[in-house]
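The chains referred to below are lettered A, B, ... by the order of the sequence lines, with proteins before strands, and numbering in each begins at 1.
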There are 2 protein chains.
Amino acid sequence: MKALVVDDDRVLADVVAFTLRREGFEVIQAHDGQMALQRWREAQPDLVVLDVNLPKIDGFTVCRQIREQSDTPVLLLTVRDTEDDIVHGLGLGADDYITKPFSPRQLVARAQAVLRRTGKAPTPAVRRVGPVTLDPSRREIRIGQAEPVLLTPLESQLLDYLMLNAGQVLTTEAIIEHVWGPAGGDRDMLRQLVRRLRSKIEPDPATPIYIETVSGLGYGFVKPLADSQ
Amino acid sequence: MKALVVDDDRVLADVVAFTLRREGFEVIQAHDGQMALQRWREAQPDLVVLDVNLPKIDGFTVCRQIREQSDTPVLLLTVRDTEDDIVHGLGLGADDYITKPFSPRQLVARAQAVLRRTGKAPTPAVRRVGPVTLDPSRREIRIGQAEPVLLTPLESQLLDYLMLNAGQVLTTEAIIEHVWGPAGGDRDMLRQLVRRLRSKIEPDPATPIYIETVSGLGYGFVKPLADSQ
DNA sequence: TAGAGCCATGACAAAGCTGTGACAAAAAAT
DNA sequence: ATTTTTTGTCACAGCTTTGTCATGGCTCTA
């Protein structure tokens, strides 16, 4: 699932890109309107996140051009006050908008909502591996027929990542970056997080059966026998 | 539920369309009177949102024609000052009117009110989840056989949204935007609103059984047993 | 056998989020 | 114009979640 992020402000663009990558998107960036159109043609993304304030060619024009040539969903970034922008943008066929400043969570929610709405949806409601079912929207995990257990945001994030890559071992660095972002997080925090997660989902946290530790490498979610692919 | 949106101003038409889609309508557009009549015949919408200022054939004529051939509800869009238009329009059988500029919230409220009133109610007169019944038109809620309780406009709006998505957890951002619109509203306001709503509908507001909180995410209206998927 | 590295654990502090009550401002009703 | 209702703002308390630190066990190696 490819996303094109277009913003003049590189810092913001990076933040957006990072957030989307964390959700499994492959992200391409552009920093002005001209570049945006070019990249869009090259890469044919499944989603465009577009700031309206752009040098060279402004966001509205970009949006219109894209819309003329395809139905790629477009998500607009606007400043809070400028309702006109919103109206104008939606008029040009944008699929939704977000007002700055916005939280990463909000961005992801909108992006997925747009994809779902336009039918390009690769957004499964729940993640399942063997008997373990995670519902990220509620941060709720259920194992077999047992009572569901509520997870904290970080726990849910971690488990989601591990389950997404079930059967593989992920390095601590990769996990830390995925959960806390490029700037924050250290080994100790991850250890604690794993610990807390295990204490919620493992029958016996001392001898884990779902989350395995590979010393010197990292952690993995074990896939129950019955290989395929 | 199909809606036909007729407006010369494409930007505005798109905004209206967007707003209605968000409420679950399937939306068709037309940009002049002639097109409007044609589309109306083709698509047989359940609701027409009609600007009175139209090229080729003006809105009043369109309204009259539609009304001659069916009882499809018609919602007029007029400019604030022209009271004559309103009188004229209602005289021709329009079901309600909105003066520009208007808020999305207002539009949706009117649209659903009109549908309800004319009995085509796709938005059934009331919204029901388990033992809880909300009548948005009266802003009245009844739980089981208990006495109905009156809600304030915002409370009703919030509850309606939550009940519409019963069983799901909605993010605070989404709720705020739905209730207050893109520009207004913060977490504090939502907290208060939830609080006031709970104090009216929960037997014991301290341990809510209808409106659940998911910390860090948002709120949801709990669906009584009968698992979803 | 001692030391280094890695991991699990427990206890505790810091930060964040939610619920609450009181009150001010705004809107609606009279 | 005044009263009542509704909505918004603020500060605080309690809980949850997260981060930090210290300790002990284990394995590997010199």
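Summary of the strand contacts: A:Trp180 and B:Arg139 both lie near DNA chain D, and taking for each the nucleotide with the nearest heavy atom, the more 5' one is attributed to B:Arg139. Where B:Thr152 and A:Asp186 meet DNA chain D, the nucleotide closest to each residue was compared, and B:Thr152 sits on the side nearer the 5' end.
Listed by first then second residue, pairs satisfying salt bridge (charged side-chain N to carboxylate O under 4.0 Å, His left out) with a partner in residues 192-216 of chain A read A:Glu155-A:Lys200, not counting sequence neighbours.
Looking at residues two or more places apart in sequence or on another chain, you find a side-chain contact (heavy atoms from CB on, under 4.5 Å) between A:His31 and A:Arg10, A:Ala13, A:Gln29, A:Met35. Applying the side-chain contact (heavy atoms from CB on, under 4.5 Å) rule to B:Leu150 yields the partners B:Glu140; only residues at least two apart in sequence or on another chain are considered. For A:Asp9, the salt bridge (charged side-chain N to carboxylate O under 4.0 Å, His left out) test picks out no residue, with sequence neighbours left out. The salt bridge (charged side-chain N to carboxylate O under 4.0 Å, His left out) search around A:Asp8 returns none, not counting sequence neighbours. Annotation: ring pair (Phe, Tyr, Trp, His ring centres under 6.0 Å) contacts of A:Tyr161 (sequence neighbours excluded): A:His178. Applying the salt bridge (charged side-chain N to carboxylate O under 4.0 Å, His left out) test to B:Arg142 and every residue at least two apart in sequence or in another chain returns nothing.
Here A:Leu193 lies out of heavy-atom contact (under 4.0 Å) with every strand.
For the pair B:Glu212 CD and C:dT18 C1', the interatomic distance rounds to 15 Å; values are reported in whole Å.
Along DNA chain D, the stretch of nucleotides lying under 4.0 Å from any heavy atom of chain A spans, 5' to 3', D:dT17 to D:dC21.
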Exercise for review: Classify every nucleotide of nucleotides 4-14 of chain C by which part a protein heavy atom approaches to under 4.0 Å, writing B for the base, S for the sugar-phosphate alone and - for neither, in 5'-to-3' order.
Suggested key: --SBBBB----
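A:Arg139 places a side-chain N or O within 3.5 Å of a backbone atom of A:Leu151 that can act as its donor or acceptor partner.
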